[in-house]
Amino acid sequence: MDAILTGAGIALAIALAALFGWLGARPVNPLKGPRLVPYRMLMLVCAAPVLILGTHLVSVLQGPGH
């Protein structure tokens with residue numbers, strides 16, 4: 001993967017983590033019933049690739065031989 005594709009993957013993962021964080025922080029509506037989607041777990045699942053892709057991006061930007 002090149003740097004542009006890795007950066008796009010990081011941006012997508014951050015955007016999804018922010019979306020799921022926002023959805024999980026909304027107040028509970030007792031009239032609608034319980035939430036069936038675990039938004040906080042999805043936020044963590046989307047945040048993990050940011051660390052992995054960030055490490056990959058640093059290694060790609062260092063260039064060959066380092």
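Taking L61 as the reference, A3, L57 meet the side-chain contact (heavy atoms from CB on, under 4.5 Å) condition, with sequence neighbours excluded. Applying the side-chain contact (heavy atoms from CB on, under 4.5 Å) test to L5 and every residue at least two apart in sequence or in another chain returns M1, D2. Considering only residues two or more places apart in sequence or on other chains, V28 meets the side-chain contact (heavy atoms from CB on, under 4.5 Å) condition with R35.
Cluster partners of L42, using a side-chain heavy-atom cutoff of under 4.5 Å among ILVMFWY residues and allowing indirect links, are L12, L16, L19, F20, W22, L23, V37, Y39, M43.
For the atom pair CD1 of I10 and CG of L51, the computed distance is 9.5 Å after rounding to the nearest 0.5 Å.
In plain terms, the two heavy atoms of A47 and A17 that are nearest each other are N-CB, 4.4 Å. Here the closest heavy-atom approach between residue C46 and residue P49 is recorded as O-CD, 3.4 Å.
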